[in-house]
Amino acid sequence: MDFLNDLNKSQLEAVKHTDGPSLVIAGAGSGKTRVLTYKIAYLLSKGVSPASILALTFTNKAAREMRKRIGELVGYQTSKYLWMGTFHSIFSRILRSEAQLIGFTKDFTIYDTSDSKSLIKSIIKELQLDDKIYKPGNIFSKISFAKNNLFSAQSYFDNPDFLKADTHSKVPRTREIYAIYANRCKQANAMDFDDLLLQTNLLFRNNPEILEKYQHIFNFVLVDEYQDTNFAQYLIVKKLSEKHERICVVGDDAQSIYSFRGANIDNILKFQQTYQHATLFKLEQNYRSTQTIVNAANSLIDKNAKQIKKTIFSKEKVGNLIQVSNVLTDFEEAFMVANSIKDLKRKEEHSYKDFAVLYRTNSQSRVMEEALRKQNIPYRIYGGLSFYQRKEIKDVIAYFRLISNNDDEEALKRIINYPARGIGSVTLEKLSATAQTHNVSIWTVLSDMLKYNLNVNAGTANKLAQFRDMIAVFSQQIQILDAYELANNIVKTTGVIADAMHDKSAESLSRIDNVQELLKAIYEFSETKKNEEGMDIVLLPEFLSEVSLLTDQDETKDENDDKVTLMTVHASKGLEFRTVYIVGMEEQLFPSPFAKSPDEIEEERRLFYVAITRAEENCFISYSKSRFRNGQTNFSNPSRFLKDIDNQYLEYIQNEVLDSRSTSSFNRWDDDIEIERNRFRQTPFRSARSATASSTQQFSRKLMKINSADDDKKTVDNARYPVGSFVKHAIFGIGKVIETSISNGNEKAEIDFGEKGVKSLLLKFAKLEKLD
DNA sequence: TGTGGATGCCTTTTT
DNA sequence: GGCATCCACA
């Protein structure tokens, strides 16, 4: 067990404690994942069977990385038998194998958030309620909250407190919506994300012998990011480890930032009350950041009342002070960051991937993106639409879902008229109404339209029958045909991409690309399964069950991809960067105006703590006097949190040049060279070593308009307006195309309109005329 | 059944 | 400012 030498004293103690409950409080950068992986490796090397260890994480990525590291320590043949994964994936697996006990089949669909909301929306409509008052998103949150706290539809309905609260918020019929929603999910043989946890609890509660079976299988239970667990997760873990109490939870209360999703920080704060014999371990040495950064973060989090006291320290170098800059507009802020990145990259041998720009809200990325692009700095934005959220992908997957589970109502609604086959909303409403009156699924009505007296004309009935038969044929093949082969057939037969093939627009091309990409993913998935698990054939439902639990968060960062990272603070948790910029440190933004109660303010403070502790060497904070938001300029004050950081760790940078001039005379996106030149001179973030402005070299490159290095957005080869060609725009006049790209499936061009500036235009909107 | 103009609304989002 | 949604119309 040589590998234990890699650990420090407190890490080692935590790893070696294997009997009885333990709580490991792991400060930022203290080697939390290391303790978990080594603990599991330690158990395995002591002869514990991998199949008796349950390790729960919050992201697939975390699970994947941990399994990989354990594999490196003890061998892949052992690590592959670990029960390691997200709460949702592990318990969906268990629910599938016990499905008949709770009235589902093993091929149940998992509804994603948009499926859930769309179902709730139709229920609200059916009940003839006003969706301005009964907002689907709002009702969904209420249901989600209830499920996370283990209130089933029945117990919600019977609970006078909920009725009182809902009446107070003017939505007294929420309980009916919840009841109908639950019924419809069951009818559709579907579970939403929250159901996976709720149903697991119900399964264990109503079937003691099943609970016992899993208590027996899992001899050791480990949980990562315990501060982010909700009540449903807390109880599952508690029940499973009830007999032996060999439970180890790891987390950091100071990094609990997901209460809005039901996470309950009390789970970690009160762990020692729940498990009376729990041993507490604190990992207090931070290996990531400079002393200044660690001390600054400590002084900030110290202002929170709710926390487990700990003394995080660093033995790294003291490092630079945190620079706090004040600017006039969000635009200057973005430009300043871009300049600072260029500066540091040159002077401190940073790569682009050593930088991260963190913000409170996704909408702040736009202005940042613009500034980086103008400076030819490659970047990658995390968040936003993931691959699996794209329309064409959701459409194809809806076919897979419906074929795999004929009762999947949301899938059916999505594709019954896509591609268009003359089944309109009127017909769909009739179908839906008929299904509701007989309390059956829409598919059941389709299978016997006469019996259910479906009131449609012969032509429509014929179209419906055709659609039904097409799906039914595939459904028969699903247990026989290989996933990839079937998926290919489905895509071809249904004509999802056939119409896209006709026109050669960039949008349809990228749509076809994406569908091809999906097919490729299915192919790779089956090949991996065949190789690793020795399966002869991989069926489509297996792919489906995995894909519904995937998120964009799961794409791993490519180390060879040298780009600046742009993301929300939430998304940055667990990551680290040499230099971090925290932008928009203003009241009404950070803390979010939605945070009102003291508890919510504390969570925002923890969020700021997370942001600061991402930095290894340099941390830059900025706030702006004005910010362009929701179509208007808002003025704001510096965030109250700045005062929470001990002044000795901060360096306020005065920005006299900006203060002396009025921004009002400047066009926001004006590319005027004089303005650019001024901006270059005004880099308020001084480089860590010297305060000189950027080089003329960069400036001339800018003037030469070298294309953005952002190859994330693929250049369009057969663009309508090739790079270098001239076009005419109704407002901007004549311009030269300097770059074409595809962004979210839309063809985009950067066009230089001379004195009117460089504009980034979406070709489907901009009516351009090509000049030769 | 599909479209286009007017209207209304915006946080964060591990699954 | 930008997107989704809704209603009016072809």
Side-chain angles (χ1 to χ4, degrees), chain A residues 56-63 85-92 110-114 116-118 121 125 131-132 135-138 140-141 144 147-148 191-197 224-225 227-230 232-233 251 255-263 330 358-364 366-367 382-386 388-389 417-418 420-428 460 546-554 567-575 584 588-596 600 603-604 606-608 610-611 627-634 668-669 744 762 765:
Chain A
L56 298 165
T57 63
F58 276 82
T59 60
N60 294 303
K61 188 176 151 200
T86 63
F87 273 90
H88 292 82
S89 72
I90 295 286
F91 296 112
S92 68
I110 296 172
Y111 274 175
D112 69 16
T113 309
S114 63
S116 300
K117 284 185 185 161
S118 125
K121 200 173 165 183
K125 211 171 160 192
D131 66 0
K132 300 256 162 30
K135 292 180 191 152
N138 187 16
F140 174 69
S141 315
S144 172
K147 285 182 180 173
N148 287 160
M191 293 197 202
D192 65 20
F193 289 137
D194 301 314
D195 282 330
L196 296 174
L197 304 175
D224 190 15
E225 307 278 17
Q227 76 281 356
D228 291 330
T229 50
N230 59 34
Q233 290 163 325
Q255 294 185 65
S256 165
I257 55 172
Y258 281 104
S259 75
F260 69 93
R261 292 189 51 87
D330 47 353
L358 308 182
Y359 34 77
R360 180 65 182 79
T361 64
N362 273 317
S363 61
Q364 289 167 261
R366 177 172 269 115
V367 66
Y382 290 77
L385 264 200
S386 76
Y388 289 102
Q389 311 264 37
N417 197 33
Y418 181 82
R421 43 176 79 84
I423 305 171
S425 57
V426 179
T427 308
L428 185 57
T460 309
E546 295 240 339
V547 96
S548 45
L549 294 170
L550 280 183
T551 61
D552 51 332
Q553 228 42 46
D554 292 324
M567 54 170 54
T568 62
V569 183
H570 279 94
S572 76
K573 200 175 80 167
L575 306 177
Q588 302 303 313
L589 184 59
F590 202 165
S592 156
F594 293 85
K596 293 186 187 83
E600 287 169 326
E603 176 145 323
E604 294 285 315
R606 291 194 291 271
L607 192 57
F608 188 26
V610 168
R627 187 166 293 278
F628 199 72
R629 268 209 294 171
N630 301 338
Q632 54 180 348
T633 306
N634 298 307
R668 283 175 54 77
W669 301 121
N744 291 332
L762 282 179
F765 300 126

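Below, read A as the first sequence line, B as the second, and so on, with proteins coming before strands; counting in each chain starts at 1.
Contact annotation: A:Lys61 does not reach the phosphate of B:dT15 (side-chain N/O to OP1 or OP2, under 4.0 Å). Taking side-chain N and O atoms only, A:Ser548 has no distance below 4.0 Å to OP1 or OP2 of B:dT15. Side-chain nitrogen and oxygen atoms of A:Asn362 include at least one within less than 4.0 Å of the OP1 or OP2 phosphate oxygen of B:dT13.
Contacts of A:Thr568 with the nucleic acid, taken as non-hydrogen atoms under 4.0 Å apart, involve only primed sugar atoms and P, OP1 or OP2.
Distance from the side chain of A:Phe594 is smallest to B:dT11 among B:dT11, B:dT12, B:dT15. The nucleotide whose nearest atom lies closest to any side-chain atom of A:Arg366 is, among C:dG2, B:dT14, B:dT12, C:dG2. The nucleotide whose nearest atom lies closest to any side-chain atom of A:Thr113 is, among B:dT14, B:dT15, B:dT11, B:dT15.
A distance cut-off of 5.5 Å between ring centres, combined with a plane angle under 30°, places A:Phe260 in a stacking arrangement with the base of B:dT12.
An anti base is found at B:dT12: its glycosidic angle is more than 90° from 0.
In this structure the side chain of A:Lys573 reaches within 4.5 angstrom of the side chain of A:Asp228, judged on heavy atoms. Put simply, the side chain of A:Asp224 does not reach to within 4.5 Å of the side chain of A:Phe58, judged on heavy atoms. For the pair A:Glu603/A:Phe260, a side-chain contact is recorded, criterion being any heavy-atom separation below 4.5 Å from C-beta on. With a 4.5 Å cut-off on side-chain heavy atoms, A:Val569 and A:Phe590 count as touching.
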